[in-house]
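Read the structure below first, then the notes.
The basis for the numbers below is simple: all heavy atoms, side chains too, and nothing from hydrogens, waters or symmetry mates. Order of appearance sets the numbers: ligands from 1, and atoms from 1 within every ligand. Treat the numbers as computed from the prediction; the structure is a model and nothing was measured.
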Amino acid sequence: MLTDVSLTLWVNGDLIRRTLPASTSLLDLLREHLGLTGSKRGCDLGDCGACTVLVNGVPRLSCITLAADMAGEEVRTVDAVEPDHPLVRAFDKHVAAQCGFCTPGFVMNLSALLEEDPHPDDGAIREALGANICRCTGYTKILAAAREAAGRGA
Ligand code: FES
Ligand code: FES
């Protein structure tokens, strides 16, 4: 039998209260219930990283996270990333997005990295990039953008 759960959480600084089927994923809560479509549904299996959000500042794959487990937590999505964020400007400058479907996931993983360490070395950047799949760019321009946002030149 399907049951509903009621939860309260923070999303991009707003306090949200919803009653949802217990099986609702965080990605469905964001996209279908809150209209926050920045986080993308790629594989829906936890493999591609397109759905990455930050939960209390830590990257999380929203497609394999139950919304019910987010009660009381602070969720941040790419929808709240300002256009003048250093990562956004660096992605623009280096043309690091082609179709752009993967970009939200990269931006969220890299923003978490930069919040923890504003000047990560290449090893740390590559490790962060490893959480996301891009079918278009070959990663070189994304690496250049990440290095620029880290203040390390391209
Ligand atoms: S859509 Fe979540 S990891 Fe691919
Ligand atoms: S830019 Fe198309 S998948 Fe990355």
Side-chain angles (χ1 to χ4, degrees), residues 2 5 7 9-12 14 16 18 20-116 120 122-150 152-154:
L2 290 179
V5 292
L7 73 154
L9 71 163
W10 294 88
V11 178
N12 296 339
D14 293 329
I16 303 292
R18 286 290 188 282
L20 304 160
S23 60
T24 304
S25 70
L26 176 58
L27 182 60
D28 278 336
L29 168 61
L30 296 170
R31 290 183 58 88
E32 314 302 334
H33 295 266
L34 302 181
L36 296 171
T37 55
S39 308
K40 302 305 182 196
R41 190 188 311 279
C43 63
D44 221 13
L45 291 170
D47 290 332
C48 74
C51 65
T52 302
V53 300
L54 303 188
V55 178
N56 303 322
V58 177
R60 181 79 76 101
L61 297 170
S62 62
C63 72
I64 55 170
T65 298
L66 285 175
D69 287 344
M70 294 295 99
E73 310 290 11
E74 191 262 323
V75 177
R76 222 178 330 147
T77 76
V78 73
D79 308 271
V81 176
E82 299 289 343
D84 65 348
H85 188 289
L87 277 169
V88 176
R89 286 193 273 116
F91 268 65
D92 279 349
K93 177 178 171 181
H94 291 279
V95 197
Q98 290 185 27
C99 78
F101 196 81
C102 67
T103 308
F106 278 103
V107 167
M108 296 315 286
N109 264 311
L110 289 169
S111 65
L113 173 66
L114 294 176
E115 284 172 19
E116 189 181 307
D122 271 4
I125 292 173
R126 287 176 189 276
E127 190 175 329
L129 295 182
N132 300 82
I133 292 173
C134 175
R135 295 177 184 275
C136 306
T137 65
Y139 300 93
T140 304
K141 292 180 177 181
I142 296 174
L143 177 60
R147 297 187 84 242
E148 168 122 6
R152 303 186 50 240

Note: Ile64, heavy atoms under 4.0 Å from ligand 1, region reported as neither
Any heavy atom of Leu27 under 4.0 Å from ligand 1? The part involved is neither
**OP:** Evaluate the criterion side chain to side chain contact (heavy atoms under 4.5 Å, CB included) for residue pair Leu110 and Phe91; output intermediate values, then yes/no.
**Re:** CA-CA 11 Å; Leu110 289 169; Phe91 268 65; 4.1 Å; yes
Sub-4.0 Å atoms of ligand 1 with respect to non-hydrogen atoms of [X]:
{"X": "Cys51", "value": "1 (S), 2 (Fe), 3 (S)"}
{"X": "Asp44", "value": "1 (S), 4 (Fe)"}
{"X": "Gly46", "value": "3 (S)"}
{"X": "Asp47", "value": "3 (S)"}

Taking backbone and side chain together, does Cys48 place any N/O/S atom at a distance below 2.8 Å from atom 2 (Fe) of ligand 1?
no
How close do [X] and [Y] get, heavy atom to heavy atom, and via which atoms?
{"X": "Ala97", "Y": "Thr103", "answer": "CB-OG1, 3.3 Å"}
{"X": "Ala96", "Y": "Lys141", "answer": "CB-O, 3.5 Å"}
{"X": "Ser39", "Y": "Cys51", "answer": "CB-O, 4.2 Å"}

N/O/S from Cys43 sitting under 2.8 Å away from atom 4 (Fe) of ligand 1: yes
Review point. Mind checking whether atom 2 (Fe) of ligand 2 has an N, O or S of Cys134 under 2.8 Å?
Key: no
Worksheet item: Do you see an N/O/S atom of Cys99, backbone or side chain, under 2.8 Å from atom 2 (Fe) of ligand 2?
Response: yes
Under 4.0 Å from one or more heavy atoms of Cys102, ligand 2 contributes atoms 1 (S), 3 (S), 4 (Fe)
Ligand 2 atoms nearer than 4.0 angstrom to some heavy atom of Gly100 are 1 (S), 2 (Fe)
among protein heavy atoms, the one nearest atom 3 (S) of ligand 2 is Arg135 N, 3.3 Å
Closest to atom 1 (S) of ligand 2 among protein heavy atoms sits Gln98 N, 3.3 Å
Distance col, row Met70:CE vs Thr24:OG1, nearest 0.5 angstrom, shows 13.0 Å
The reported gap from CG in Leu61 to CG in Leu27 (rounded to nearest 0.5 angstrom) is 10.0 Å
SB check Arg76 Glu115 (cutoff 4.0 Å) | yes
- Query: Counting N and O atoms only, with roles assigned by atom type, does the side chain of Arg89 sit under 3.5 Å from a partner on the main chain of Asp84, one being a donor and the other an acceptor?
  - Reply: yes
Report task. Taking Asn12 for its side chain and Thr77 for its backbone only, find out whether a donor-acceptor pair lies under 3.5 Å. Result -> yes
